[in-house]
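First up is the structure itself, then whatever we jot down about it.
Keep in mind that the numbers below use all heavy atoms, side chains included, and drop hydrogens, waters and symmetry copies. Labels below follow one simple rule: chain letters A, B, ... track the order of the sequence lines, proteins then strands, and each chain is numbered from 1.
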Amino acid sequence: MPGQQPMSGKPENYLVQSILVTFCCCLPLGIAGIVFAAQVDSKWNAGDTAGAISSAANAKKFTLIGFGLGLVINLLVFGLQILAAIGAANQGGGF
Amino acid sequence: MPFTPEPASNPANEKRSGVAPSWIVAAALVTAVGFYVLRSFEPSAASWYPKCMFYQGTGLHCPGCGATRAMRALAYGDVWLAIRNNALLIVGGPIIAAVIIRQRRRESAGGLASPQLCIALFVVVTAYFIARNVPSPTSSLLAPPQPHAESAGTETTGTEDETQPPTDHSPVQHPDD
């Protein structure tokens, strides 16, 4: 959630978004996002600000790609299902 | 003890709780719409609900598989069926949310970040993912119940309007689609 940046200035680690992506079926990318979130946190604790920022960029990349991919594929499948349902109705139904 | 109403729009109060009113309204809307849709339409193999691509591609249950059915069971008040469909979401979800919120508050109070939390979540999700498919995706206790299991035992589902015969209805997935 934007506007909720911690005062310490730690870059957003996209942990929540990664978990949501994992649950919404783009599994490998979501799990990669969780791993990068762990990297962000450990580098930040070690004082490696630059490393934390680059891990955060990776976390963001993977989560966004996962989300986009999941959305696109789900919409495609959804469209196919609608078409299939219409086709089935036309073939077998007495409409 | 006199009742002192909470000033909901007080910025300081808002900051303390960390949740903006717009998020609460959005959450309420999603809940209401979800409740209505889930009670109106049943998630089944033939329905128009989005299905898990991972499951369709591999036959394995991903950590999110059964989430829609779990939410429908919740909408019908059948908590046990909800847990059977996706235990990590129903049981673990509130815990995970609480832990993450607590960690975020700590960080905004100047505390250390917690890679341990991320790693723990990674382990939990991965372990759950494996456990749902062992010994097999159909016989794991953590996998969603099979809709056409020969005997569901004492498990009465919350879907009393479900009158599908226990036959293999597979016109849904034509391999040549």
Side-chain angles (χ1 to χ4, degrees), chain A residues 1-16 18-28 30-47 52 55-56 59 69-85 87-88 91-92, chain B residues 15 18-20 22-23 45-58 60-68 86 88-89 92-93 96-97 99-101 103-126 128-129 171-174 177:
Chain A
M1 279 164 245
Q4 272 201 338
Q5 284 292 345
M7 278 188 283
S8 53
K10 190 190 88 175
E12 172 64 54
N13 63 8
Y14 291 91
L15 178 62
V16 174
S18 300
I19 292 170
L20 289 177
V21 165
T22 307
F23 264 94
C24 300
C25 278
C26 214
L27 170 86
I31 287 184
I34 298 179
V35 172
F36 279 116
Q39 274 188 16
V40 173
D41 279 21
S42 63
K43 284 178 180 171
W44 180 257
N45 279 354
S55 285
L69 218 59
L71 193 70
V72 166
I73 296 180
N74 266 312
L75 284 178
L76 272 178
V77 170
F78 185 69
L80 278 178
Q81 277 167 358
I82 299 286
L83 286 179
Q91 262 191 346
Chain B
K15 192 171 184 179
V19 181
S22 57
W23 281 102
S47 74
W48 46 265
Y49 283 101
K51 293 169 192 60
C52 180
M53 303 166 287
F54 186 80
Y55 178 72
Q56 295 195 308
T58 63
L60 297 172
H61 293 295
C62 85
C65 279
T68 315
N86 197 321
L88 183 61
L89 180 69
I96 292 172
V99 171
I100 289 180
I101 289 171
Q103 173 60 24
R104 292 214 158 195
R105 284 192 182 161
R106 272 188 193 160
E107 282 176 25
S108 58
L112 280 177
S114 178
Q116 296 88 350
L117 170 61
C118 306
I119 293 165
L121 284 173
F122 169 74
V123 170
V124 166
V125 170
T126 311
Y128 181 66
F129 177 34
V172 209
Q173 288 183 349
H174 288 294
D177 252 1

Inset, instruction - Check whether B:Leu89 gets within reach of chain A through its side chain, its backbone, both or neither, counting any heavy atom under 4.5 Å. - result: both

Inset, instruction - Supply the atom-to-atom distance B:Phe129 CZ to A:Thr22 OG1, rounded to the nearest 0.5 angstrom. - result: 10.5 Å

Inset, instruction - Can you see which heavy atom on A:Phe23 is nearest to which on B:Pro63, and at what distance? - result: CE2-O, 3.5 Å

Inset, instruction - Would you check, one step at a time, whether the test side chain to side chain contact (heavy atoms under 4.5 Å, CB included) holds for B:Gln103 with A:Leu15? - result: CA-CA 11 Å; B:Gln103 173 60 24; A:Leu15 178 62; over 6 Å; no

Inset, instruction - Identify which of B:Pro115, B:Ser114, B:Ala97 forms the greatest number of heavy-atom pairs closer than 4.5 Å to chain A. - result: B:Pro115

Inset, instruction - Would you give the length of the straight line joining atom OG of A:Ser42 to atom CD1 of B:Ile119, rounded to the nearest 0.5 angstrom? - result: 7.0 Å

Inset, instruction - Measure distances from B:Ile100 to the heavy atoms of chain A and classify the residue's part below 4.5 Å as side chain, backbone, both or neither. - result: side chain

Inset, instruction - Pick one of side chain, backbone, both or neither for A:Ile19, based on which atoms fall under 4.5 Å of a heavy atom in chain B. - result: side chain

Inset, instruction - Tell me, out of A:Ile82, A:Ile34, A:Asn45, who's got the most heavy-atom pairs with chain B below 4.5 Å. - result: A:Asn45

